[in-house]
Amino acid sequence: MTDSPTAGTPYGTLPPASPLPQRRPVSLPRLAQMREAGEKITMLTAYDATFAAVADAAGVECILVGDSLGMVCQGLPSTVGVTLEHMAYHTASVARGLHRVQGTAWLIADLPYGSYAESREQALRSACQLMQAGAHMVKLEGGGWTAPTVQFLVERGVPVCAHLGLTPQTVHALGGYRVQGKGDQAAQQLRRQALELQDAGAAMLVLEMVPTPLARDLTQALPRCHTIGIGAGSGTAGQVLVMHDMLGINLGKNPKFVHDFMRDAGSVRGAIEAYVQAVKQGRFPDDAQHAWN
């Protein structure tokens, strides 16, 4: 007999904790140290306990509970239909998975469409719900009007990750899934918004489908805000992908910026480990194949 409450569960057990016993729990100071040392930050999405535990064991530093779950898990045509209750449920699931395996990853949760645009107070209430579900940081989309909201949250102890470029919650206003920041005027606007977000206290910034030279310039201009690229080239401080995309099991055609790491890995954990190593070693993304200039 064993005293373990999770041993012999009828539906399988979570994978073991990270094989990296020297890895300290990931924190904002730790991410800053990685940036200072020139080590790339790795991020993947996860929406449940088991995949979060696998990603942690494979060495991923940051796990994003993205509102992409609307498309990946719920079969929705966009992220707009995802609610705050959905996000809290999946955030809690991921947090429990990490807790059970003594995981060390930094957990970020998306503030979904309609949960932060009404007022700064609404944003704080929404952020509190996700933080209470287990998130270490919340992510919101857009620039300009969002900077005061970011400052309001950060001043109240809520770490914030911003998101510029292609912002899926406003994809209809952008005219579809198109590269953002092309041309001098668009690039200047994006640069201004990024600097405003850093000044407001955003500690991380996802850059999605932004031309490689612009993403590289923004990374150099944002020493206090770590850029995480997705379709933004290799010059960012880190990379993120939707897990189902990089495993080659999504419901549609993979975007240009995705590589199928499962193809040669043979296992989910092997694929994630390959992703981590490819990002760390500078082999992914390949600017000629996975990005725009």
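Predicted, not measured: the structure shown is a model, and the values here were computed from it. All heavy atoms count here, side chains included; hydrogens, waters and symmetry mates do not. Numbers here simply count residues along the sequence, with the first being 1.
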A.B. asks: Measure from NZ or CZ of Lys182 to the centre of the six-membered ring of Trp292, then state whether that distance is under 6.0 Å and the direction lies within 45° of the axis.
C.D. replies: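 The answer is no; the distance or angle limit is not met.
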A.B. asks: Between the main-chain N or O of Leu107 and the side-chain N or O of His136, is there a donor-acceptor pair closer than 3.5 Å?
C.D. replies: yes
A.B. asks: Is Gln185 atom CD crowded by more than 12 heavy atoms from other residues, nucleotides or ligands, each under 6.0 Å away?
C.D. replies: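 No, the 6.0 Å shell around CD holds no more than 12 heavy atoms from other groups.
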A.B. asks: Is there a donor-acceptor contact under 3.5 Å linking the side chains of Ser234 and Asp287?
C.D. replies: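 The criterion, which ignores hydrogens and geometry beyond distance, is satisfied for Asp287 and Ser234.
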A.B. asks: Between Asp67 and Lys139, does any NZ, NE, NH1 or NH2 come within less than 4.0 Å of an OD or OE carboxylate oxygen?
C.D. replies: no
A.B. asks: Can Ile108 and Ile63 be said to form a side chain to side chain contact (heavy atoms under 4.5 Å, CB included), step by step?
C.D. replies: CA-CA 6 Å; Ile108 307 162; Ile63 293 177; over 6 Å; no
A.B. asks: Quick one: does Asp110's side chain have a donor or acceptor within less than 3.5 Å of a partner on Pro112's backbone?
C.D. replies: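 Not a single qualifying donor-acceptor pair exists.
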A.B. asks: Angle between ring planes, Phe261 versus Phe284, binned at 30° and 60°: parallel, tilted or perpendicular?
C.D. replies: perpendicular
A.B. asks: Is the backbone N or O of Ile228 less than 3.5 Å from a side-chain atom of Gln239, with the two atoms forming a donor-acceptor pair by type?
C.D. replies: no
A.B. asks: Could you state whether Met246 and Val268 fall into the same hydrophobic cluster, counting links through intermediate Ile, Leu, Val, Met, Phe, Trp or Tyr residues with side-chain heavy atoms under 4.5 angstrom apart?
C.D. replies: yes
A.B. asks: Examine Tyr47 together with His86 and report whether their ring centres are nearer than 6.0 Å.
C.D. replies: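 That pair fails the under 6.0 Å test.
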A.B. asks: Would you say the side-chain atoms of Thr236 pair up with the backbone N or O of Ala232, donor to acceptor, closer than 3.5 Å?
C.D. replies: no
A.B. asks: Check each of Val206, Val210, Thr227, Leu205 against Leu164 using the side-chain contact (heavy atoms from CB on, under 4.5 Å) test, and report the only one that passes.
C.D. replies: Leu205
A.B. asks: More than 12 heavy atoms of other residues, nucleotides or ligands under 6.0 Å from CD of Glu36: is that the case?
C.D. replies: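 No, CD of Glu36 has 12 or fewer neighbouring heavy atoms, counting only those of other groups under 6.0 Å.
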A.B. asks: Would you call Glu273 and Arg269 a salt bridge, taking side-chain N to carboxylate O under 4.0 Å as the test?
C.D. replies: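 Between Arg269 and Glu273 there is a salt bridge, with a charged N closer than 4.0 Å to a carboxylate O.
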A.B. asks: Please determine whether the number of non-hydrogen atoms from other residues, nucleotides or ligands lying under 6.0 Å from atom CZ of Phe152 exceeds 12.
C.D. replies: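 Above 12, so yes.
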A.B. asks: Do the side-chain N and O atoms of Arg156 and Gln151 include a donor-acceptor pair separated by under 3.5 angstrom?
C.D. replies: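 No pair is found: no donor N or O on one side chain lies under 3.5 Å from an acceptor on the other.
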A.B. asks: Please test Gln33 against Glu39 for side chain to side chain contact (heavy atoms under 4.5 Å, CB included), starting from the C-alpha separation and ending with a verdict.
C.D. replies: CA-CA 9 Å; Gln33 289 171 358; Glu39 180 181 355; over 6 Å; no
A.B. asks: Keeping Thr42 on the side-chain end and Glu61 on the backbone end, is there a donor-acceptor pair under 3.5 Å?
C.D. replies: yes
A.B. asks: Angle class for the His290/His259 ring planes (parallel below 30°, perpendicular above 60°, tilted otherwise)?
C.D. replies: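 Because their plane-to-plane angle is over 60°, the rings of His290 and His259 count as perpendicular.
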A.B. asks: For side chain to side chain contact (heavy atoms under 4.5 Å, CB included), just list the numbers for Leu31 and Trp106, CA-CA rounded to whole Å, side-chain angles, deciding distance to a tenth of an Å, and then say yes or no.
C.D. replies: CA-CA 9 Å; Leu31 293 172; Trp106 179 253; 4.2 Å; yes
A.B. asks: Is a side-chain donor-acceptor pair under 3.5 Å present for Thr149 with Thr146?
C.D. replies: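 No donor-acceptor contact under 3.5 Å links the two side chains.
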